[in-house]
Peer 1: 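I have a structure I would like to understand better, so I am pasting it below and will then ask my questions one at a time.
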Amino acid sequence: MMDEERSNEKCESVTLSLMSEAVSAPTECEKRVCVFGTGDMGRSLGLRLLQAGYSVMFGSRRPQSCNFLPNGAQVLSHAEAAQAAHLIFIAVQREHYDFLVPLAYHLKGKVLVDLSNNLKKNQYPEANAEYLQSLVPEAEVVKGFNTLSAWALQNGPSDANRQVYICGDRAEAKQVVLAVATKLGFSALDRGSLSASRELEDFPLQLFPLWRLPMRIAVGLTAFFFFYLLIREILYAYITQGKDISFRIMVSLANRVCPIVSLIMLALCYLPGVLASFLQLYRGTKYRRFPDWLDRWMLCRKQLGLLALGFACLHVLYTLIIPIRSVVQNGTNEFITSRAWHSDSYLSFGILGFGLYVLLGITSLPSVSNALSWREFSFVQSKLGHLTLLLCTIHTYLYGGKRFLSASLYNWYTPPGYMLCLVLPSVVLLLKLLLVTPCVDRNITRIRQGWEKGADQRNSKNNKTLVL
């Protein structure tokens with residue numbers, strides 16, 4: 001009896017150890033992976049799988065003539081490779097899917113990962129993954145890895161391309177692909193059923209989607225202020241005084257346009273956050289969606305800020321080749337202290353503002369922002385961001401100085417460009433000043449913590465109803 005109990009305990013311990021090993025490490029069968037396709041994508045994926053400890057088999061129409069495959073991989077026919085592995089990566093284009101139809105029997109119950117993409121959107125009536133599923137209906141098709149390049153697979157994941165999107169109808173099949181992606185070092189994200197595969201296939205076709213609006217704004221502002229300053233400075237001098245100062249277009253005029261556009265775009269970067277706060281105050285809740293235009297605006301704030309930093313860098317480079325600080329002396333060679341204070345203050349605020357500008361740009365890099373906590377990132381991008389806007393605005397005000405009241409600067413009754421660019425930053429700073437006042441800030445904090453306007457009255461009415 002004692003021997004029987006000991007044998008049962010031993011069997012249970014062996015069973016538990018085997019179960020723990022099965023959970024912690026994939027089985028030998030799960031380690032066998034098949035790749036259909038011996039192009040750049042297939043070879044890179046096979047190499048990455050081999051480095052992760054998987055046994056890789058390539059399926060090919062001509063196994064004897066396959067060259068440049070990773071060392072350690074087997075090359076079999078399509079039928080042999082399909083029989084040997086449970087997980088199969090389809091690294092061929094949609095036009096070549098026909099070879100899978102005769103293999104339908106061997107692919108029954110297998111997990112097929114579709115890596116294909118198209119040359120343009122809506123190229124076919126259905127998504128490639130859905131078409132693949134229709135060819136082999138008894139297989140479990142998962143869309144995934146199509147947003148990665150062969151270079152990214154060869155060199156391993158980096159901060160810029162860590163995410164792998166997958167979708168499929170069977171949860172078990174998606175879990176298998178998720179496990180492989182995680183072991184390869186990628187961050188896998190489940191996007192739902194196979195009907196989302198068209199969206200995944202459109203991802204690689206997008207060309208800077210979040211940069212389009214900021215680029216249009218930057219080009220529009222640059223063109224407007226360039227021609228505005230060209231008319232009121234270059235053409236004005238030629239028409240009214242007969243002076244040809246067109247040589248200033250290349251450097252001096254460009255050095256006026258760049259800081260103007262930079263300051264306006266920096267203000268546009270922080271204006272949507274201010275508008276969103278006032279909208280939440282007006283609605284008295286955070287549970288209502290912002291308008292679509294405000295959502296799109298807030299999504300491209302990073303791009304607006306980076307473009308603003310780019311124009312600020314151009315302003316600095318142009319400034320280095322223009323003598324801007326001259327010692328002003330009177331007839332007795334005495335230094336004029338007031339003008340020196342003004343000039344040094346103007347330069348100092350500009351340098352400090354540009355330094356914070358660069359800091360904001362650095363912290364927006366994924367490799368840096370991933371190392372920061374949310375509070376640290378918010379402090380830099382919000383608190384220091386508004387401080388940057390304040391310093392750059394003061395820098396521009398000091399640049400104008402007493403010239404704001406000089407009638408000679410209003411050529412053809414038009415204000416200088418730096419006066420126009422101060423309107424939007426000044427409005428943003430004044431609105432932000434209202435938001436940080438204690439009475440307003442307290443209400444915003446309550447709303448963002450879940451408080452809703454009128455909720456107390458509704459609760460009291462409900463309590464009275466329950467009492468009655």
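What you see below is based on every heavy atom in this structure, not just the backbone, and it leaves out hydrogens, waters and symmetry mates.
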Peer 1: Please state whether the rings of W293 and W297 are parallel, tilted or perpendicular, taking 30° and 60° as the class boundaries.
Peer 2: tilted

Peer 1: Any side-chain heavy atom of L309 sitting closer than 4.5 Å to one from L360?
Peer 2: no

Peer 1: How close do A218 and L307 get, heavy atom to heavy atom, and via which atoms?
Peer 2: CB-CD1, 4.2 Å

Peer 1: Taking the side chain as C-beta and beyond, is there a heavy-atom pair between Y131 and N128 under 4.5 Å?
Peer 2: no

Peer 1: Quick check on M215: does its CE atom have over 12 non-hydrogen neighbours (other residues, nucleotides or ligands) under 6.0 Å away?
Peer 2: no

Peer 1: Kindly give the heavy-atom pair with the smallest separation between M298 and A276, and that separation in Å.
Peer 2: SD-CB, 4.2 Å

Peer 1: Are the side chains of K143 and S116 in contact, using a 4.5 Å heavy-atom criterion?
Peer 2: yes

Peer 1: Give a yes or no on whether the backbone of A127 and the side-chain of E130 come within a donor-acceptor separation of less than 3.5 Å.
Peer 2: yes

Peer 1: I need the L384 CG to L389 CG distance, nearest 0.5 Å.
Peer 2: 12.5 Å

Peer 1: Do NZ/NE/NH1/NH2 and the carboxylate oxygens of R248 and E233 come within less than 4.0 Å?
Peer 2: no

Peer 1: Might you work through the side-chain contact (heavy atoms from CB on, under 4.5 Å) test for L422 and T393, ending with a clear yes or no?
Peer 2: CA-CA 7 Å; L422 283 170; T393 304; 3.8 Å; yes

Peer 1: Does a donor on one side chain sit under 3.5 Å from an acceptor on the other, for Y397 and S426?
Peer 2: yes

Peer 1: Side chains of Q163 and Y165: do they bring a donor and an acceptor to under 3.5 Å?
Peer 2: yes

Peer 1: For the atom pair CG (L235) and CD1 (I245), what is the distance rounded to the nearest 0.5 Å?
Peer 2: 9.5 Å

Peer 1: With side-chain contact (heavy atoms from CB on, under 4.5 Å) as the test, would you mind laying out the steps for I444 and L281 before giving the verdict?
Peer 2: CA-CA 7 Å; I444 293 178; L281 280 174; 3.6 Å; yes

Peer 1: Within the distance-only criterion (no hydrogens, no angle test), does the side chain of N118 pair as donor or acceptor with the backbone N or O of E201 below 3.5 angstrom?
Peer 2: no

Peer 1: Donor-acceptor pair, distance only, cut-off 3.5 Å: does the side chain of H386 make one with the backbone of S382?
Peer 2: yes

Peer 1: Less than 4.5 Å apart, any side-chain heavy atom of L306 and any of W211?
Peer 2: yes

Peer 1: If you round to the nearest 0.5 Å, how far is NZ of K174 from OG of S193?
Peer 2: 7.0 Å

Peer 1: What closest approach, in Å, do R289 and R283 show between heavy atoms, and which atom pair accounts for it?
Peer 2: O-NH1, 2.7 Å

Peer 1: Can you tell which of K286, R448, R288 makes a side chain to side chain donor-acceptor pair (under 3.5 Å) with Q280?
Peer 2: R448

Peer 1: Can you measure from CG (L263) to OH (Y357) and round to the nearest 0.5 angstrom?
Peer 2: 6.5 Å

Peer 1: Just checking, is any N or O donor in the side chain of T363 or Q381 under 3.5 Å from an acceptor N or O on the other one?
Peer 2: yes

Peer 1: More than 12 non-hydrogen atoms from neighbouring residues, nucleotides or ligands closer than 6.0 Å to OH on Y238, yes or no?
Peer 2: no

Peer 1: For a side-chain contact (heavy atoms from CB on, under 4.5 Å) check, start with the C-alpha distance between I260 and F311, then their side-chain angles and the critical distance, and finish with the verdict.
Peer 2: CA-CA 9 Å; I260 290 174; F311 279 100; over 6 Å; no

Peer 1: Got more than 12 heavy atoms from elsewhere within 6.0 Å of OH, Y418?
Peer 2: yes

Peer 1: Quick one: does R232's side chain have a donor or acceptor within less than 3.5 Å of a partner on L409's backbone?
Peer 2: yes

Peer 1: Got a sec: does the NZ of K121 have more than 12 other heavy atoms crowding it under 6.0 Å?
Peer 2: yes

Peer 1: Distance check, rounded to the nearest 0.5 Å: W451 atom CH2 versus T285 atom OG1?
Peer 2: 9.0 Å

Peer 1: Are any of the side-chain nitrogens in E126 or R94 under 4.0 Å away from the carboxylate oxygens of its partner?
Peer 2: yes

Peer 1: Near Y282 OH, under 6.0 Å, is it more than 12 heavy atoms from other residues, nucleotides or ligands?
Peer 2: no

Peer 1: What are the two closest heavy atoms between G144 and V113, and how far apart are they?
Peer 2: O-CG1, 3.9 Å

Peer 1: So do N146 and D114 actually touch side chain to side chain, heavy atoms under 4.5 Å?
Peer 2: no

Peer 1: Look up atom CG in L429 and atom CG in L387, then write down how far apart they are to the nearest 0.5 Å.
Peer 2: 10.0 Å

Peer 1: Indicate the atoms forming the closest heavy-atom contact of A139 with L112, along with that distance.
Peer 2: CB-CD1, 3.7 Å

Peer 1: Indicate yes or no for a side-chain donor-acceptor contact from S262 to the backbone of C258 under 3.5 Å, with no hydrogens or angles considered.
Peer 2: no

Peer 1: State, yes or no, whether a side-chain contact exists between L153 and M41 at a heavy-atom distance under 4.5 Å.
Peer 2: yes

Peer 1: For the residue pair P272 and R301, what are the closest heavy atoms and their distance?
Peer 2: CG-CD, 3.7 Å

Peer 1: Can you confirm whether V164 sits close enough to T147 that some side-chain heavy atom of one is under 4.5 Å from a side-chain heavy atom of the other?
Peer 2: no

Peer 1: With side-chain contact (heavy atoms from CB on, under 4.5 Å) as the test, would you mind laying out the steps for Y54 and L87 before giving the verdict?
Peer 2: CA-CA 11 Å; Y54 288 94; L87 177 61; over 6 Å; no

Peer 1: Would you say the side-chain atoms of S378 pair up with the backbone N or O of W374, donor to acceptor, closer than 3.5 Å?
Peer 2: no

Peer 1: Under a 4.5 Å cut-off applied to non-hydrogen side-chain atoms, are S348 and L352 in contact?
Peer 2: yes

Peer 1: For the backbone of L365 and the side chain of S369, can you confirm whether one donor and one acceptor N or O come within less than 3.5 Å of each other?
Peer 2: yes

